[in-house]
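This report refers to the structure that appears directly beneath it.
None of the values given here were measured: they were computed from a predicted structure.
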Amino acid sequence: MSQQRIAFVGGGNMATSLIGGLLARGSAAASIVVADPDAGQRERLERDFGVGTTSTAVAAVPAASTVVLAVKPQQMAEVSRAIAAQVQASRALVISIAAGIRLGDLARWLGPGVPLIRTMPNRPALIGAGITALYAAPDVSTESRQTASAILEACGPTVWVPEEAHLDAVTAISGSGPAYFFLLIECLEAAGIELGLDPATARTLAVQTARGAGLMAAAAIEPPAELRAQVTSRGGTTAAALEVLEAAGVRGIFAAAVTAGARRSTALAAEFGTL
Ligand SMILES: NC(=O)c1ccc[n+]([C@@H]2O[C@H](COP(=O)([O-])OP(=O)(O)OC[C@H]3O[C@@H](n4cnc5c(N)ncnc54)[C@H](OP(=O)(O)O)[C@@H]3O)[C@@H](O)[C@H]2O)c1
C-alpha cells in the first residue's frame, strides 16, 4: 500500500475513517491527498492525519494511482465528469464507495478505459468495525482488486461478490443492517423498562448483549443457529421467548424487510443513473 498514491475525493465521514485506518496500518501520510471543498474539513484532515488536501477533485487526482470517490451519491455524476479526462489519461484505478451508484453510470460519466471498482461499506466502518462488499467487472486486474481490498480493509473485513446486482442484497443486509440491530436494541430496552428495570440498566443490558452476541457469532466456528441452540434449553426462558418470535413469523418478517430494502436499492440506483 505504501507504494500507492491515493486521492480521496470527498473528505467526510467515510474518507476520514478509511484514511485513519490506512495510516494506522502503515500507509505514509505523504501518499494520500484529499479533495474537499470545505476549508474546515481540509484543516481537520491536515491536522489529524498530516495528509495533503486540495479544494477541488481536479487538483488532487493527477498524481494519484488510485482515486477513491467518497462523495454523496448525488454528487457522484458531477465529480466523475470533472475528473474524467484526467483518469482516462492516467488510467488510475477508480474506487467508488457511494451507495447505489452503478458501474455502468460511473463508466458513462468517467469515459472509456478507466478501471472501476464499486464497493459498499457500512456505518460501523466509522469505528473500524465495518464490513465492505466489493464488485468489479471481470476485466479488472487482480492487482487492482488487491489494491481495493487493502484500502477498504482499513475499516474492517471485505467480501467480493460475483455480480453487481448482489450489491442490492448487500445494501439491504449489511448496509441497512446496523439499523435492524439498533431497532432490536431499542425493543429490548423498551421491554426491560416495561418489566420494571430502570432505563439506563435496560439499555446497558440490551447494548452489551448485542455486542456480546455479535462478537461470539464473529468468533465462533459454529453457525448462529447452533449458538442459539446452545443458549436455548428445553422448557427454559429462552425457549419461551423464541416461541413467541417464531409464532409471530419473525423469519418471514426479516425476509420481507430485506427484500424491500434490496428493491429500494435497485430503484435508487436507477434514479441516480438519470443524473
Ligand atoms: N456514512 C456511511 O455510513 C456510509 C455507508 C456506506 C456508504 N457510504 C457512502 O460513502 C460516501 C460518503 O459518505 P459520507 O458519510 O462520508 O459523506 P460526507 O460525510 O457528507 O462526506 C462527503 C464529503 O464530500 C465533500 N464534497 C462534496 N462535493 C465535493 C466535490 N465536488 N469534490 C470533493 N469533495 C466534495 C462534502 O463536502 P460538503 O459537506 O461541503 O458538501 C463532504 O465533506 C457516500 O456516497 C455514501 O453513500 C457511507
Any heavy-atom pair between the side chains of [Y] and [X] that's under 4.5 Å?
X      : Y     : answer
Thr119 : Ile95 : yes
Leu69  : Ile83 : yes
Ile6   : Leu18 : no

(message) Name the residue from Ser27, Ser31, Ser65 that meets the side chain to side chain donor-acceptor pair (under 3.5 Å) definition with Gln4.
(response) Ser65
Spell out, as yes or no, whether a donor-acceptor pair under 3.5 Å connects the side chain of [X] to the backbone of [Y].
X      : Y      : answer
Thr147 : Glu143 : yes
Arg251 : Glu246 : no
Arg25  : Ala150 : no
Arg91  : Gly113 : yes
Gln88  : Val114 : no
Ser96  : Arg118 : no

Path from [X] to [Y] over hydrophobic side-chain contacts below 4.5 Å:
X      : Y      : value
Phe181 : Phe254 : no
Leu152 : Leu23  : yes
Leu188 : Leu242 : no
Leu268 : Val258 : no
Val33  : Ile19  : no

(request) Determine, stepwise, if the pair Phe272 / Met76 fulfils side chain to side chain contact (heavy atoms under 4.5 Å, CB included). (result) CA-CA 9 Å; Phe272 289 130; Met76 287 286 285; over 6 Å; no
If you draw a 6.0 Å radius around [atom1] in [X], do more than 12 non-hydrogen atoms from other residues or ligands fall strictly inside?
X      : atom1 : answer
Arg203 : CZ    : no
Arg81  : CZ    : yes
Glu78  : CD    : no

[X] [atom1] to [Y] [atom2] distance, which is reported to the nearest 0.5 Å:
X      : Y      : atom1 : atom2 : result
Ile117 : Leu106 : CD1   : CG    : 11.5 Å
Arg108 : Arg102 : CZ    : CZ    : 8.5 Å
Asp38  : Thr53  : CG    : OG1   : 11.0 Å
Gln75  : Ser80  : CD    : OG    : 11.0 Å
Thr201 : Glu189 : OG1   : CD    : 10.5 Å
Glu222 : Leu227 : CD    : CG    : 5.0 Å

Closest heavy-atom pair and its distance - [X], [Y]:
X      : Y      : result
Gly10  : Val34  : O-CG1, 4.0 Å
Val58  : Gln86  : O-NE2, 2.9 Å
Ala7   : Ala60  : CB-O, 3.6 Å
Pro73  : Ala99  : CG-O, 3.5 Å
Ser233 : Ala239 : O-CB, 3.6 Å
Arg42  : Asp36  : NH1-O, 2.8 Å

(message) What I want to check is whether the side chains of Arg44 and Thr16 have a donor and an acceptor closer together than 3.5 Å.
(response) yes
(request) Ignoring hydrogens and angles, state whether a donor on the side chain of Thr266 or Asp168 is under 3.5 Å from an acceptor on the partner side chain. (result) yes
(request) For Leu22 and Phe49, run side chain to side chain contact (heavy atoms under 4.5 Å, CB included): C-alpha distance rounded to whole Å, both residues' side-chain angles, the deciding distance at 0.1 Å, then the answer. (result) CA-CA 10 Å; Leu22 286 169; Phe49 297 132; over 6 Å; no
(message) Show, in sequence, the C-alpha distance, side-chain angles and deciding distance for Leu205 and Leu197, and conclude whether the side chain to side chain contact (heavy atoms under 4.5 Å, CB included) test is met.
(response) CA-CA 10 Å; Leu205 292 171; Leu197 295 176; 3.7 Å; yes
For residues 125-141, please give each side-chain donor-acceptor pair under 3.5 Å, one per line with the distance, not counting sequence neighbours.
| unit_1 | atom_1 | unit_2 | atom_2 | d |
| --- | --- | --- | --- | --- |
| Ser141 | OG | Ser144 | N | 3.0 |
| Ser141 | OG | Ser144 | OG | 3.0 |

